[in-house]
2 protein chains.
Amino acid sequence: MEVSVSQENYLKTILKLERSEGIASNQAIAQNLDSTPAAVTGMLRKLCEEGLVEYEAYQGAKLTQVGEQHALSTVRKHRLWEVFLVEKLNFRWDTVHQLAEELEHIGNEDFVNRLAEFLGNPLFDPHGDPIPDAAGNIRERVDVVFSSEAEAGTMFVVCGVSDSSDEFLRHLNRLGIELGSKYHAVERFEFDGSMEWSNNQGARILISSGVSEKILIQVHA
Amino acid sequence: MEVSVSQENYLKTILKLERSEGIASNQAIAQNLDSTPAAVTGMLRKLCEEGLVEYEAYQGAKLTQVGEQHALSTVRKHRLWEVFLVEKLNFRWDTVHQLAEELEHIGNEDFVNRLAEFLGNPLFDPHGDPIPDAAGNIRERVDVVFSSEAEAGTMFVVCGVSDSSDEFLRHLNRLGIELGSKYHAVERFEFDGSMEWSNNQGARILISSGVSEKILIQVHA
DNA sequence: ATCAATTTTTAGTCTGGCTAAAATATTTTT
DNA sequence: AAAAATATTTTAGCCAGACTAAAAATTGAT
Ligand SMILES: [Mn+2]
Ligand SMILES: [Mn+2]
Ligand SMILES: [Mn+2]
Ligand SMILES: [Mn+2]
């Protein structure tokens, strides 16, 4: 009946893969958790026995209702703690992931809900990722695209990243890009897909395609 | 170099016993951690190897400088989290111990210090226990005695308890006694050591000796 | 049908902590 | 000082949880 830390990390990974790939393959799970397919098989069998995943040999894994709720609850905790760390303890967005990775495994629903309440029931975490509500509903954002899609001449606001690794976030720090930053897409260079953006002070920055493909934006009305 | 959750709980227990008994006997540790002397011996050897306790066979255990700092840091975290839970998340004082018992094992010094800062560097936890500062110094309270010592006629304020068990705290809840409550010691009945107190609304309560011996007070000037 | 890729099985390792019982040391009593 | 009582340590082994390497099996694609 008790779900271990390791199991919760598996559930989170399966949730992510299921949303992005439809099903969580053994190999993808292993890669995400920095483990091996053999180890994954063992854990999937355990999670299956406990009714948290549906799993048939060779067919990959899917979360059950119960498993999905548990995964969503863990994601909720993770993202709420990230908000706490950034908003209340003044951590920067590139330093909160590891701590949240530990905090997400503590306490019960009551605890999380009080934390959410205390934080004002935020809808997004410091990386722009949506925070599931107490029932596990995720409000998916509309009108969000990758900045690489922005047409020259449009205005947009940065509202998320698809890569929350410390390295990428630190790179954005150096470029001065953060959540809520507004830019004007000046031009795209077809040669290498890089772009030129300008902010409202008129300062210009050059963005490589690798970076622009990981930044989520909302185009200004 | 990494101290496990279990080891941190041992260090906290040894710290407590050392302060109260001078030395931490094998048996006392076992009793506190709900374990057995044999298990304690094993752990003490490990902690000794890691330089966290001084330990000679049959002579009981004492913390080294490093071990004491670590224990104090864990106690600091525990009590700060209790403050957070009560002050920010509106938990009651009888429901925070178990959660703090988990939270105390997470994160590093930077994290704790930011938490302390956020909470306004409180000096006491919700049970009146002093919170060590970042350097491990505990400001010991002066003029604090057990309420059983209060002489009839004196006024006093409740500032701590020597038993933070949920059961005892819930009993105090029922009696309406909390940290900061002011009372007047009306009379002590020598027959059984029980006392009568009155609050500033004139309401009177009868306090058994068992209870009065666990409540810490400061006598009013 | 064959082959390559993926997954599972097998067999065993490792960590961390625990227990029960026997042996040993210490402390207290006589 | 010896004996008895108490406390501690050793020994030997258990257990959970998670992992690994290599061999075997399955799948899916050509
Ligand atoms: Mn985690
Ligand atoms: Mn995040
Ligand atoms: Mn603890
Ligand atoms: Mn406390």
Side-chain angles (χ1 to χ4, degrees), chain A residues 1-14 16-18 20-63 67 70-71 74 101-102 104-106, chain B residues 1-14 16-18 20-63 67 70-71 74 101-102 104-106:
Chain A
M1 208 62 257
E2 275 310 279
V3 184
S4 73
V5 167
S6 187
Q7 288 179 326
E8 288 189 336
N9 288 335
Y10 268 84
L11 293 179
K12 274 204 314 175
T13 298
I14 296 167
K16 185 175 95 182
L17 291 170
E18 219 179 304
S20 67
E21 325 276 303
I23 195 150
S25 82
N26 213 299
Q27 200 166 55
I29 296 170
Q31 201 166 336
N32 265 272
L33 294 173
D34 206 19
S35 180
T36 64
V40 172
T41 300
M43 184 59 96
L44 289 182
R45 283 157 61 84
K46 228 175 286 177
L47 291 169
C48 191
E49 272 168 30
E50 294 175 23
L52 296 166
V53 310
E54 271 170 50
Y55 168 66
E56 268 182 286
Y58 296 101
Q59 305 307 307
K62 276 187 174 179
L63 296 171
H70 199 106
T74 306
E101 201 60 43
E102 297 183 54
E104 71 187 357
H105 304 291
I106 288 184
Chain B
M1 207 65 254
E2 274 310 279
V3 185
S4 74
V5 167
S6 187
Q7 288 180 326
E8 288 190 336
N9 288 334
Y10 269 83
L11 293 179
K12 275 203 313 175
T13 298
I14 296 167
K16 185 175 95 185
L17 291 170
E18 219 178 305
S20 69
E21 325 278 305
I23 196 150
S25 82
N26 214 299
Q27 200 165 57
I29 297 171
Q31 202 166 336
N32 264 273
L33 294 174
D34 206 20
S35 181
T36 63
V40 173
T41 301
M43 183 59 95
L44 288 183
R45 284 157 59 83
K46 227 175 287 179
L47 290 170
C48 191
E49 273 168 30
E50 294 176 23
L52 296 165
V53 311
E54 270 169 52
Y55 167 65
E56 269 180 286
Y58 296 101
Q59 304 310 307
K62 278 190 167 168
L63 297 172
H70 199 106
T74 307
E101 201 60 43
E102 297 184 54
E104 71 188 357
H105 304 292
I106 288 183

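Proteins come first, then strands; the chains are lettered A, B, ... in the order of their sequence lines, and each starts at number 1.
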### Message
Categorize A38(B) for me: base, sugar-phosphate, or nothing, with a 4.0 angstrom heavy-atom threshold over every strand shown.
### Response
base
### Message
Check this one for me: any side-chain N or O of R45(B) less than 4.0 Å away from OP1 or OP2 of dT10(D)?
### Response
yes
### Query
Which part of the nucleic acid does S6(B) contact within heavy-atom distance under 4.0 Å: base, sugar-phosphate only, or nothing?
sugar-phosphate
### Task
Among the candidates dT7(C), dT8(C), dC18(C), find the nucleotide nearest to the side-chain atoms of Y10(B).
dC18(C)
#### Entry: Residue Q31(A) excluded, over 12 heavy atoms near CD under 6.0 Å
no
### Message
Side chain of Q27(A) only, heavy atoms from C-beta on: which candidate in dT6(C), dT9(D), dA18(D) is closest?
### Response
dT6(C)
### Task
Measure from the side chain of S35(B), starting at C-beta and using heavy atoms only, and say which of dC18(C), dT8(D), dG17(C) lies closest.
dC18(C)
### Task
Tell me which nucleotide among dT27(D), dT19(C), dT7(C) gets nearest to the side chain of A39(B).
dT19(C)
### Task
Would you tell me if any nitrogen or oxygen in the side chain of Y55(B) comes within less than 4.0 Å of OP1 or OP2 on dT9(D)?
yes
### Query
How long is the line joining CG of L44(B) and C1' of dC18(C), in whole Å?
15 Å
### Query
When the distance from CD1 of I29(A) to P of dA18(D) is rounded to whole Å, what number comes out?
15 Å
### Nearest-angstrom distance from the residue atom CD of E49(B) to C1' of dT15(C)
14 Å
### Query
Nearest to the side chain of A57(A) - dT7(C), dT8(C), dT27(D)?
dT8(C)
### Message
Is any side-chain heavy atom of L44(A) closer than 4.5 Å to one of I14(A)?
### Response
yes
### Message
Can you tell me which nucleotide in dT20(D), dT7(C), dT9(D) comes closest to the side chain of T36(A)?
### Response
dT20(D)
### Query
dT9(D), dA18(D), dT26(C): which one has an atom nearest the side-chain heavy atoms of Q7(A)?
dA18(D)
### Message
Using whole Å, what does the distance between atom C1' of nucleotide dA18(D) and atom CD of E8(A) come to?
### Response
16 Å
### Message
How many whole angstroms separate atom CD of E2(A) from atom P of dC15(D)?
### Response
21 Å
### Query
Hey, does V53(B) have a side-chain heavy atom less than 4.5 Å from the side chain of L11(B)?
yes
### Summary
Closest to the side chain of Y58(B), out of dT10(D), dT27(D), dT26(C), is dT26(C)
### Message
So does L63(B) get a backbone contact from the side chain of E18(B), meaning a donor-acceptor N/O pair under 3.5 Å?
### Response
yes
### Message
Please report the distance, rounded to the nearest Å, between CD in E21(B) and P in dA7(D).
### Response
13 Å
### Query
To the nearest Å, how far apart are E56(B) CD and dA25(C) P?
14 Å
### Task
Side-chain contact test, heavy atoms from C-beta onward, threshold under 4.5 Å: evaluate it for H70(B) versus Q7(B) and give yes or no.
no
### Query
Is the shortest heavy-atom distance from the side chain of N9(A) to the side chain of E104(A) under 4.5 Å?
yes
### Query
Are OP1 or OP2 of dG17(C) and a side-chain N or O of S4(B) less than 4.0 angstrom apart?
yes
### Nucleotide dT9(C), atom P - distance to CE of M43(A) in whole Å
16 Å
### Message
Can you identify which nucleotide, out of dG17(C), dG17(D), dT8(D), has its nearest atom closest to the K46(A) side chain?
### Response
dG17(D)
